[in-house]
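Just follow the structure's listing: the first ligand is 1, and inside any ligand the first atom is 1.
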Amino acid sequence: MMEWTDRHCRFFHRLLTRRALLYTEMLTTGAIIHGDRERLLGFNDAEHPVAIQLGGSDPRALAECAKIAEDFGYDEANLNVGCPSDRVQEGRFGACLMAEPQLVGDCVAAMKAAVRIPVTVKCRIGIDEQDPEAALEELMRAVKAAGVDALIVHARKAWLAGLSPKENREVPPLDYDRVYRLKAAHPELFIVLNGGIGTVQQAAAHTGVVDGVMMGRAAYQEPWRLLSVDPLLFGEDAPFSSQRAAVEAFIPYVERELARGTRLHSITRHILGLFQGVPGARAYRRHLATEAVKPGAGADVLRGALNLVRERVAADEVAA
Ligand SMILES: Cc1cc2nc3c(=O)[nH]c(=O)nc-3n(C[C@H](O)[C@H](O)[C@H](O)COP(=O)(O)O)c2cc1C
């Protein structure tokens, strides 16, 4: 997610779940081909498994970028066919590609030919006046013929004119049944459901029907929920028994990053929602929001914030 799932965010999320697949922000082919690759693509080995999301619509450029990403060590290359922003539409990629299923198929085929890692697509159920039955099916057929490894479906339409990207995540109604029908029609394909999933318990309920679930806003804004991913979805122990323990394990990473010149706030901004509902959470959040932005702020600011949280809460309690 743009501005959200940068490498600091992903490193922290990996402390909360060993098993969830983490995704980068969308990176355009132009940025990767012409930009500072180490800054854009560099990540910490601890983040694995991590997928890169690419934005583009030129098969050759996407193939080149998928190969670059594979060489950087990414575990999956995902093509964005769901972003409705004006900037993305001007570049003729993102959600507007829902109207060009054959081009998406060509993109996937080119990426598949270039790499050994899985190539996946994230799409909507349709755009504008499209009929989601036909539009999603056509896209599915095109990417299936191209050998796609999984399709992640944000279960609502995108309206390309008239709605902001934020509204396009809220206004068009969710239609989980459309994604369920897609899975029933293509049982051999790996289908992941996305959109409006607020808890790991809700995610678990969908996994009986589809092969996987992607959580966006809930995972980012309420990251404590990720502590129940491994127990509830994979039957394994959580990496830590509390959010506090996870933050303590995060501090050495924070210190290393500060020593490299990273500003504290650009790391701690991702963990503001960590103690939601726990006594002291507001003070923790306020302390980080006001102190971590100050020049020279160090890891002690984070320790100070942690001291304001009054209770230890076990992962299974907060997940309830
Ligand atoms: C700040 C923000 C940035 C996002 N950036 C991307 C992105 O780069 N690529 C993408 O496929 N979806 C992006 N999304 C959409 C989410 O991946 C997801 O599809 C959407 O929020 C619905 O899922 P949710 O209800 O679990 O959040 C973004 C969402 C938000 C809130």
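With sequence neighbours excluded, no residue satisfies side chain to side chain donor-acceptor pair (under 3.5 Å) with Arg217.
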Atom pairs and distances, side-chain donor-acceptor, residues 56-64, under 3.5 Å, sequence neighbours left out:
from	atom 1	to	atom 2	distance (Å)
Ser57	OG	Arg92	O	3.0
Asp58	OD1	Arg60	N	3.3

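Between Tyr74 and Phe43, the ring center distance clears the sub-6.0 Å criterion.
Other residues sharing the hydrophobic cluster of Leu21, ordered by chain and number and joined by side-chain separations under 4.5 Å: Tyr23, Ile152, Phe190, Val192, Met214.
Screening Val50, Asp149, Ile117, Thr120 against Glu76 for a side-chain contact (heavy atoms from CB on, under 4.5 Å) leaves a single residue, Thr120.
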Just do the salt bridge (Lys or Arg N to Asp or Glu O under 4.0 Å) check on Lys183 and Asp211 with the steps written out, would you?
-> CA-CA 9 Å; Lys183 177 63 194 173; Asp211 303 292; 2.8 Å; yes
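For ligand 1, the protein residues within 4.0 angstrom (heavy atoms only) are Met1, Met2, Trp4, Met26, Gln53, Asn80, Lys122, His154, Arg169, Asn194, Gly195, Gly196, Met215, Gly216, Arg217.
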